[in-house]
**Student:** 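Below: one structure in structure tokens.
Excluded from the calculations below are hydrogen atoms, water molecules and symmetry mates; all remaining heavy atoms, backbone and side chain alike, are included. Treat the numbers as computed from the prediction; the structure is a model and nothing was measured.
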Amino acid sequence: MAKIFEEPSRTFSEYLLVPGYSSAECRVENVSLKTPLTRFKKGEEPAITMNIPMTSAIMQSVSGDELAIALAREGGVSFIFGSQPIASQAEMVRKVKNHKAGFVRSNTNIRPDQTLADLLELKERTGHSTTAVTEDGTAEGRLVGIVTSRDYRVSRMSMDTKIETFMTPFEKLTYAEEGTSLSEANDMLWDCKLNALPVIDKNRRLLYFVFRKDYIAHKEYPDELLDKDKRYVVGAGINTRDFEERVPALVEAGADVLCIDSSEGYSQWQADTLAWVRSKYGDSVKVGAGNVIDKEGFDFLAEAGADFIKVGIGGGSICITREQKGIGRGQASAVIEVAQARNEYYEKTGIYIPICSDGGIVYDYHMTLALAMGADFLMLGRYFSRFDESPTNKIQINGNYYKEYWGEGSARARNWQRYDLGGNAGMKFEEGVDSYVPYAGPLSDNVRQSLLKVKSTMCNCGSLSIPDLQRDAKLTLVSATSIIEGGAHDVILKDSISGTGN
């Protein structure tokens, strides 16, 4: 008969942390959330260490280049979704890597013969007020001018006014030439009192912009995660079908870390993918694998050469794998067992392989629980899908704003490679849904608020780092009654009274 686990499959909501002794040093400003992203040997430093324990899910509705930039600013890593053509995924990676160099490719461009109406539509679509005017309207076209909000007044101009009549022409622009260093470009910004400095080649083709706001942003984001060349760190998802073509393109584009995107990672296909990467790149290309939910799965991927291992099957808010196939495990139970397997592997081999808790995070306090249970970092989908920077539409329903959010196993995404079990290509049935999530505003505000709660809870536990929390945390199971007790109860909330009168 089948092996039956004695313990029930438990979720994060079935646990609470028990406070520990808090010394005078236990203040949120003293808490470090640094955590390894990739495997390392005892006594050595990991190739990549994150400043916060957050990564974004490998999903169409979550991880585009804009969110990758925003998350790297906060100290985490986004994994650009792989369920798209190789060229477009590589271009997203390239955009992220080019962004932090300080030399930013223009994504708001217009021709001189277009109109003010065209400009306003473009500004609405991109949200950027600095527009490059090039001969052909492309980011690499011959620069003929720049338009900013100071160059026009909508209330006093006709919508069909040509751009060339009110733009600042090239002859009046301050610009830098190809080969100018970032330090020199920043000096020009300040000396000439500019907000944007175009960089052109010898044929006057636009190469990049350098923005004053990026210099200021560096001061506003002390935890930003940069590579050795001061560019944002970014990851990308791969699959077990086209990796021989996709991996080289992503590596060439500058991806710092890859991750096999699969609903179930205890498979020969993942071992074959990892073996191919190692044979071609050795240890220079970092690749995570997963997902697994027990010790056997962890040990398999550890021996196969995974740089980190994702934990979780069926716990995502848009995932219906458990309903469709009857496989999975409560996320708390999975993290606890795999963390123990990781520790045993480290003791046996001297190699530490970080684990990522993927799915099951409903409330902010679940983040702290996952870390206390042994996760080195988290992968979040629904959480990030709510923000301005996610690549989906913001829509209004009954007076409230929402963002679209769909699973990779939904009919909309049709990411059959994620659920691939060999055989014929194609998606046989759905393992995800198409949905909406409440809009929550900018990523930065929300991430900082969530991590403030994490740090505060860690202080309650007497811990100033994630390893401290994992070593010293005390957890208790809670009953159904105590879960009710943990929220507001036996009172009439003011909001519920005021709401009845509307």
**Student:** Taking atom types as modelled and ignoring hydrogens, do the side chains of Ser13 and Tyr363 form a donor-acceptor contact shorter than 3.5 angstrom?
**Tutor:**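 There is no such pair (donor and acceptor under 3.5 Å, judged by atom type) between the side chains of Ser13 and Tyr363.
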**Student:** Heavy-atom count check: over 12 atoms from other residues, nucleotides or ligands less than 6.0 Å from Phe170 CZ?
**Tutor:**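 Enclosed: over 12 neighbouring heavy atoms sit under 6.0 Å from CZ of Phe170.
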**Student:** Which atom names give the shortest non-hydrogen contact between Pro442 and Asn446, and what distance separates them?
**Tutor:**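 Scanning both residues completely, I find the closest heavy atoms to be O-ND2, 2.8 Å.
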**Student:** Quick check for you: to the nearest 0.5 Å, what is the distance between Ile361 atom CD1 and Thr368 atom OG1?
**Tutor:**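 Interatomic distance, Ile361 CD1 to Thr368 OG1, rounded to 0.5 Å: 8.5 Å.
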**Student:** How close do Lys123 and Tyr152 get, heavy atom to heavy atom, and via which atoms?
**Tutor:**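 Closest approach of Lys123 to Tyr152: NZ-OH, 3.6 Å.
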**Student:** Side chains of Thr115 and Asp118: is there a donor and an acceptor less than 3.5 Å apart?
**Tutor:**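 Yes.
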**Student:** Could you tell me whether the side chain of Arg329 and the main chain of Ile293 form a donor-acceptor pair under 3.5 Å?
**Tutor:**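 Yes, the answer is positive, given that a donor and an acceptor are paired below the 3.5 Å cut-off.
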**Student:** Any donor-acceptor pair under 3.5 Å linking the side-chain atoms of Ser88 with those of Gln84?
**Tutor:**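 Side chains of Gln84 and Ser88: pair found under 3.5 Å.
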**Student:** Hydrogens and angles aside, do Gln331 and Ser357 bring a side-chain donor and acceptor to less than 3.5 Å of each other?
**Tutor:**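 On atom types as modelled, these side chains qualify, holding a pair under 3.5 Å.
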**Student:** For residues Ser450 and Asp364, is any side-chain donor paired with an opposing acceptor at under 3.5 Å?
**Tutor:**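 Judged by distance alone, the side chains do pair up.
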**Student:** If only atom types and distance count, is the side chain of Arg386 paired as donor or acceptor with the main-chain N or O of Tyr439 below 3.5 Å?
**Tutor:**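 Such a contact is absent between Arg386 side chain and Tyr439 backbone.
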**Student:** Salt bridge or not between Arg246 and Asp242? Use side-chain N to carboxylate O under 4.0 Å.
**Tutor:**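 A salt bridge links Arg246 with Asp242.
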**Student:** Is a side-chain donor or acceptor of Asn30 paired with a backbone partner of Glu25 at a separation under 3.5 angstrom?
**Tutor:**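 Yes, Asn30 side chain to Glu25 backbone: donor-acceptor pair under 3.5 Å.
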**Student:** Is it the case that the side chains of Thr148 and Asn195 hold a donor-acceptor pair, with the cut-off being a distance below 3.5 Å and no angle test?
**Tutor:**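 Result is no, nothing qualifies.
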**Student:** Any donor-acceptor pair under 3.5 Å linking the side chain of Asn239 with the backbone of Arg241?
**Tutor:**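 Answer holds: yes.
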**Student:** Answer with yes or no after comparing the ring centroid distance for Tyr365 and Phe12 against a 6.0 Å cut-off, counting only values under it.
**Tutor:**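 No: the rings miss the under 6.0 Å criterion.
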**Student:** Have Asn186 and Ser183 got a donor and an acceptor in their side chains that come within less than 3.5 Å?
**Tutor:**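 Per modelled atom types, Asn186 and Ser183 side chains form no pair under 3.5 Å.
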**Student:** Using only atom types and a distance under 3.5 Å, with no angle test, would you say the side chain of Arg342 pairs donor to acceptor with the backbone of Gly374?
**Tutor:**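 At least one qualifying donor-acceptor pair exists.
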**Student:** Between Arg94 and Glu252, is there a salt bridge with N-O shorter than 4.0 Å?
**Tutor:**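 Yes, Glu252 and Arg94 are salt-bridged.
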**Student:** Once rounded to the nearest 0.5 Å, what's the spacing between atom CD1 of Ile146 and atom CD1 of Ile110?
**Tutor:**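 Answer rounded to 0.5 Å: 13.5 Å.
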**Student:** Is it true that a side-chain atom of Arg382 and a backbone atom of Tyr405 form a donor plus acceptor pair closer than 3.5 Å?
**Tutor:**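 Here the side-chain-to-backbone pair does not exist.
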**Student:** At their closest point, which heavy atom of Leu369 faces which heavy atom of Leu475, and how far apart are they?
**Tutor:**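 Minimum heavy-atom contact is CD2-CD2, 3.5 Å.
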**Student:** Please check this pair: side chain of Thr108 against backbone of His128, looking for a donor-acceptor N/O pair closer than 3.5 Å.
**Tutor:**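 A pair under 3.5 Å: no.
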**Student:** Test your reading of the model: is there a side-chain donor-acceptor pair from Lys403 to the backbone of Thr392, 3.5 Å cut-off?
**Tutor:**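 At least one qualifying donor-acceptor pair exists.
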**Student:** I'd like to know if the side chain of Asp307 reaches the main chain of Val287, judged simply by a donor and an acceptor atom lying under 3.5 Å from each other, with no hydrogens or angles considered.
**Tutor:**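 Yes; at least one donor-acceptor contact below 3.5 Å.
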**Student:** Any non-hydrogen side-chain atom of Ile260 less than 4.5 Å from a side-chain atom of Leu274?
**Tutor:**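 In short, these two side chains touch, coming nearer than 4.5 Å.
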**Student:** Is Asp227 salt-bridged to Lys97, cutoff N-O under 4.0 Å?
**Tutor:**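 So Asp227 pairs with Lys97 through a salt bridge.
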**Student:** What is the distance from atom CG of Leu371 to atom SG of Cys461, rounded to the nearest 0.5 Å?
**Tutor:**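 With rounding to 0.5 Å, CG (Leu371) is 11.0 Å from SG (Cys461).
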**Student:** Counting only N and O atoms by type, is there a donor-acceptor contact under 3.5 Å from the side chain of Ser456 to the main-chain atoms of Leu452?
**Tutor:**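 No, the answer is negative, given that no donor and acceptor are paired below the 3.5 Å cut-off.
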**Student:** Quick check: closest heavy atoms across Phe384 and Thr55, and the distance to 0.1 Å?
**Tutor:**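 Scanning both residues, the minimum pair turns out to be CE1-O, 3.5 Å.
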**Student:** Identify whether the distance between the nearest side-chain nitrogen and carboxylate oxygen of Glu74 and Arg448 falls below 4.0 Å.
**Tutor:**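 The answer is yes: the pair qualifies as a salt bridge.
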**Student:** Between Tyr232 and Arg73, is any side-chain donor less than 3.5 angstrom from a side-chain acceptor?
**Tutor:**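 There is such a pair (donor and acceptor under 3.5 Å, judged by atom type) between the side chains of Tyr232 and Arg73.
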**Student:** To the nearest 0.5 Å, how far apart are CG in Asn291 and CD in Gln270?
**Tutor:**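 If we round to the nearest 0.5 Å, Asn291:CG and Gln270:CD are 8.0 Å apart.
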**Student:** For the residue pair Ser149 / Ser129, report whether a side-chain donor-acceptor contact shorter than 3.5 Å exists.
**Tutor:**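 Ser149 and Ser129 do not have a side-chain donor-acceptor pair below 3.5 Å.
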